[in-house]
J.: 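Okay, handing you the structure first.
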Amino acid sequence: MVTRTIDLRSDTVTKPTETMRLAMAKAEVDDDVLIHDPTARQLETEMARITGKEAALFVPSGTMGNLISVLVHCEVRGSEVILGDNSHIHIYENGGISTIGGVHPRTIRNNDDGTMDVELIEAAIRNPNFEICYPKTRLICLENSHANTGGRCLSVEYTDRVGELAKKHGLKLHIDGARIFNAAAALKVPVDRLVQAADSVSVCLSKGLGAPVGSVIVGTKAFIARARILRKTLGGGMRQVGILCAAALVALQENVQKLEIDHKNAKTLAEGLNKIKGLSVDIAAVETNIVYFEILKGSHITALKLGKIMEEHGILLMPDSSSRVRIVIHHQVSASDVQYTLSCIKQAMTGVTDENGGS
Amino acid sequence: MVTRTIDLRSDTVTKPTETMRLAMAKADVDDDVLIYDPTARQLEAEMARITGKEAGLFVPSGTMGNLISVLVHCEIRGSEVILGNNSHIHIYENGGISTIGGVHPRPVKNNDDGTMDIGLIESAIRNPDFEICYPKTRLICLENSHANSGGKCLTVEYTDQVGELAKRHGLKLHIDGARIFNASVALNVPVDRLVQAADSVSVCLSKGLGAPVGSVIVGTESFIARARILRKTLGGGMRQVGILCAAGLVALQENVEKLAIDHKNAKILAEGLNKIKGLSADVASVETNIVYFEILKGSNITAKKLGKIMKEHGILLMPDSSSRVRIVIHHQVSASDVEYTLACIKKAMAGVTDENGSS
């Protein structure tokens, strides 16, 4: 009989802390559409400062953060954006940049480290001489940390290189920085330096930073002014939204420093999983708070089945394919939760391999 | 020196009450995208029950509520929607149904009472015989109460008539019910009866009902299922959103019964304004919580100037044109606030007419 759930499906599951709940209850608020909610303003100012950008805008989700950013950079009909073929925007955002925004995607292969080859990006930029049959490339999007490759960090050198390429061709650069703080902590590079080359960044507060809701887009004043209007158009203009921003401010103040602990726990987990017979983890690829592990052929258990067994132990995982499982560590997962998880998985794998006599 | 502001610009300015703040702080929450948030689910079930529909969906704003509803009913490219030429969707939602959703509007004249002539609606429905050059009409939208005509209520008879017309032609009916509770209270008709003919309704919690953020869309289960996906696509999928829904539930429990008081105060205000030399208010047309008044020719003061003077007295109004002003009453405006407002406006108008020696 399990009394507590260890939710490892995503860092989006983080629940608001007591400090957050108090802050939300006491938040100073006003109509953020009619005028400007003071707590929203405070959060937006703080995010702009931290990221080294001119201005910022609170939005209900990372999806809206990316959608607004792409659509504002690609305001003119007939635009194209270059992004990773395994990026969150391309895979998990309902194709919104196209279905909602009319922007055409041009995907480039994401390498295992989350990057795209700079030469391939350059080759994908549309030649203006053929504009009669080409859309116009206006934007490049990077994702840092890169989720689908396992929370991999794009270095500041790589980001700067892509930024220079963008500038050379008159393009904008947007960073899907849902987990940019994880990347900054892992790389030991301040966030503002890490995103210096970007024209805009979308940063999630509701993931590892633990706030209940929301993201913040940062960019130039002119960009944010257009973003604010598009936010209203999409329906993201909320009234006394300071309630949510108050929790986000707490997240910034309290939880950034905890990310390193998450990374340490993720590493511990990865090392432990790799020692379990029937499983394999690329430990070197674990740079932040995301761990993918493979169930080896001959293990006679699917990811789905393993997930079900774990659920009985109160542990929730995210099967990624029939043989691949994803675990995301966050500040509401303790070191002992990690140990418990390892022992449960080990037990499950032992059960399976024993039953079948194979390894 | 004014210590308190009387904000009459809109009922969106309502700030969360103590009960709401407590409820938000204690709300039971979870990831509403990954699974579902229990408080969001509770609010959605309650709204579905109250409106007599199968299911509900919490969204960040009325704009998103209408946008999603129109886009789900008009999923197929080449759709057209019939709506009032003075409706909120057509005037104040950034043209999003078109710019974001690719849906073509067919505006029909709004009468002073907020209705559109049924004959005119019917003749606006596209004749399928000419589909080679026509978009396909799929939806009719009504707005109840109708904001721009002064918070006027559409009767249940009228709504049913439009519903029958829609059915006859195979169209859907959506009601922008941002202030549907105001209409229901003013007409003394239960909300579910009032919206019975509608396939979907968008209801605001952040206006007169006083919640800090949000609206709820209601409709059939299959409609809401598609709405949920579109909500995510637009970026309205929030995580531990129960924080906001908890306040929404308090709003439903505590503030519906206060709407009648708002209507009474609006009537008193209108009557008082109409007695002031230089002003005119159509008292009979004040049915809910919105009051428009005219500054008569020869009064030698513009709406903007009057607004400025009122601001010095701590009263905020919404000039609607150079000679027209809008006031919206809500539960955080008391009867004595109304008296004070009348006294200040009277003084301002007396000052102006005296200065100029004429009436």
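Chain letters run A, B, ... following the sequence lines, proteins first, then strands; residues in each count from 1. Basis for what follows: all heavy atoms, side chains included, without hydrogens, waters or symmetry-related copies.
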J.: Quick one: what part of Ile68(A) sits under 4.5 Å from any heavy atom of chain B, side chain, backbone, both or neither?
T.: neither
J.: Below 4.5 Å from any heavy atom of chain B, which atoms of Met318(A) appear? Answer side chain, backbone, both or neither.
T.: side chain
J.: Applying the side-chain contact (heavy atoms from CB on, under 4.5 Å) test to His174(A), which of Asn66(A), Leu83(A), Val201(A) qualifies?
T.: Asn66(A)
J.: Of Asp7(A), Thr12(A), Thr14(A), which meets side-chain contact (heavy atoms from CB on, under 4.5 Å) against Asp31(B)?
T.: Thr12(A)
J.: So Asn255(A) and Lys258(A), side chain to side chain contact (heavy atoms under 4.5 Å, CB included) or not? Walk me through it.
T.: CA-CA 5 Å; Asn255(A) 294 338; Lys258(A) 295 184 189 170; 3.1 Å; yes
J.: Heavy-atom distance under 4.5 Å to chain B: side chain of Ala247(A), backbone, both or neither?
T.: neither
J.: Who among Gly96(B), Ala25(B), Gly102(B) has the most heavy-atom pairs with chain A under 4.5 Å?
T.: Ala25(B)
J.: Is there a donor-acceptor pair closer than 3.5 Å between any side-chain N or O of Ser215(A) and the backbone N or O of Ser202(A)?
T.: no
J.: To the nearest 0.5 Å, what is the distance between CD1 on Ile315(B) and OG1 on Thr341(B)?
T.: 4.0 Å
J.: Can you tell me which of Ala27(B), Ala211(B), Ala23(B) forms the most heavy-atom pairs within a distance under 4.5 Å of chain A?
T.: Ala27(B)
J.: Could you tell me whether the side chain of Arg226(A) and the main chain of Val72(A) form a donor-acceptor pair under 3.5 Å?
T.: yes
J.: If I measure from the heavy atoms of chain B, does Leu34(A) come under 4.5 Å with its side chain, its backbone, both, or neither?
T.: side chain
J.: Which atoms of Leu67(A) are under 4.5 Å from chain B, going by heavy atoms: the side chain, the backbone, both sets, or neither?
T.: side chain
J.: Pick one of side chain, backbone, both or neither for Leu22(A), based on which atoms fall under 4.5 Å of a heavy atom in chain B.
T.: neither
J.: Please rank Lys15(B), Met24(B), Arg231(B) by heavy-atom pairs under 4.5 Å with chain A and give me the top one.
T.: Lys15(B)
